[in-house]
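See structure below.
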Amino acid sequence: MNRKIEEAFNDQLNAELHSAYLYLSMAGHFDSANLKGFGNWMKVQIQEEMLHVMKFYDFIINRGGNVSLKPIGAVETKWDTPLSAFEATYKHECYISGRINNLMKLAREENENAAIIFLEWFVTEQVEEEATADEKVRELRMIGDSGPGLFILDRELAQRVFTPPAAGAGA
Ligand code: OFO
């Protein structure tokens, strides 16, 4: 496997684990505040992130590389409001999108076609990741300080379920 790609993909695997860790922290924050719907939304997000982790894992292995795990960076544990947590989520997803774009740039420079095709799935996925978080930010801004509004949104977020991609999609 191209060594630069191997190293960069291992770093991204770590970043995806870090994302899961961040959302686990947010899930705990919401669940202990009795906002179980918000907690559920974050738990589904963890599953999304673990899917991303395993996609990088499989690609590295399939290309004959080595998976090398590094420590996962610390994450925040408290947010002042649900809005601030979702603003942080949106910001984080924009950061991850930037990382994916950098990986794409590297793959093009290294003329690694398999990596380019693999990363295309992530480019599309990040559009959805950003949009989903931004939608919640906008809803929470609309709700403002409304307790009933928060209650209704919490019920709605309790309905979120993890939907794995169809077999073969982006594999
Ligand atoms: Fe893996 O997309 Fe979010 O972080």
Side-chain angles (χ1 to χ4, degrees), residues 5-31 35 37-63 65 67-79 82-107 112 114-140 153 156-171:
I5 299 281
E6 183 183 30
E7 193 183 335
F9 273 35
N10 269 301
D11 283 348
Q12 187 61 27
L13 190 156
N14 181 274
E16 300 289 351
L17 275 171
H18 182 253
S19 297
Y21 205 42
L22 173 65
Y23 299 135
L24 182 63
S25 182
M26 287 187 182
H29 172 77
F30 285 129
D31 279 338
L35 286 167
F38 283 80
N40 175 64
W41 195 96
M42 289 298 167
K43 283 180 220 164
V44 173
Q45 196 63 22
I46 296 163
Q47 290 177 281
E48 294 267 345
E49 299 306 343
M50 291 311 296
L51 172 79
H52 301 168
V53 168
M54 293 315 295
K55 275 181 177 286
F56 278 98
Y57 176 98
D58 287 339
F59 186 87
I60 294 166
I61 296 293
N62 288 340
R63 298 294 284 162
V67 168
S68 65
L69 299 179
K70 296 170 186 144
I72 304 170
V75 292
E76 299 287 316
T77 54
K78 294 225 174 310
W79 291 267
L83 174 60
S84 63
F86 272 87
E87 282 172 339
T89 298
Y90 176 67
K91 196 171 156 207
H92 183 75
E93 290 306 327
C94 292
Y95 161 71
I96 294 293
S97 299
R99 291 188 61 105
I100 296 292
N101 288 337
N102 288 340
L103 288 177
M104 186 64 103
K105 185 167 175 276
L106 177 68
E112 277 288 318
I116 291 169
I117 292 166
F118 171 81
L119 288 167
E120 277 170 0
W121 184 90
F122 278 91
V123 171
T124 307
E125 175 76 352
Q126 282 309 119
V127 172
E128 190 189 311
E129 290 279 272
E130 283 183 33
T132 310
D134 187 45
E135 183 185 278
K136 297 302 156 230
V137 167
R138 287 161 187 256
E139 287 172 2
L140 284 161
L153 184 59
E156 187 195 306
L157 298 189
Q159 305 304 314
R160 187 184 189 199
V161 287
F162 174 63
T163 315

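Starting from 1, each residue takes its place in the sequence as its number. Just follow the structure's listing: the first ligand is 1, and inside any ligand the first atom is 1.
The closest side-chain heavy-atom distance from Asn14 to Leu69 is not below 4.5 Å.
For atom 1 (Fe) of ligand 1, protein N, O or S atoms closer than 2.8 Å were enumerated as Glu16 OE1, Glu49 OE1, His52 ND1, with waters left out.
Under the 4.0 Å criterion applied to side-chain N and carboxylate O atoms, Glu125 and Lys55 are not assigned as salt-bridge partners. Taking the charged nitrogens against the carboxylate oxygens, Lys136 and Glu139 do have a contact shorter than 4.0 Å, which makes a salt bridge.
With hydrogens and angles left out, the side-chain atoms of Glu130 and Gln126 include no donor and acceptor closer than 3.5 Å.
The backbone N or O of Leu157 sits less than 3.5 Å from a side-chain atom of Asn40, completing a donor-acceptor pair.
The aromatic ring centres of Phe59 and Trp121 sit 6.0 Å or more apart.
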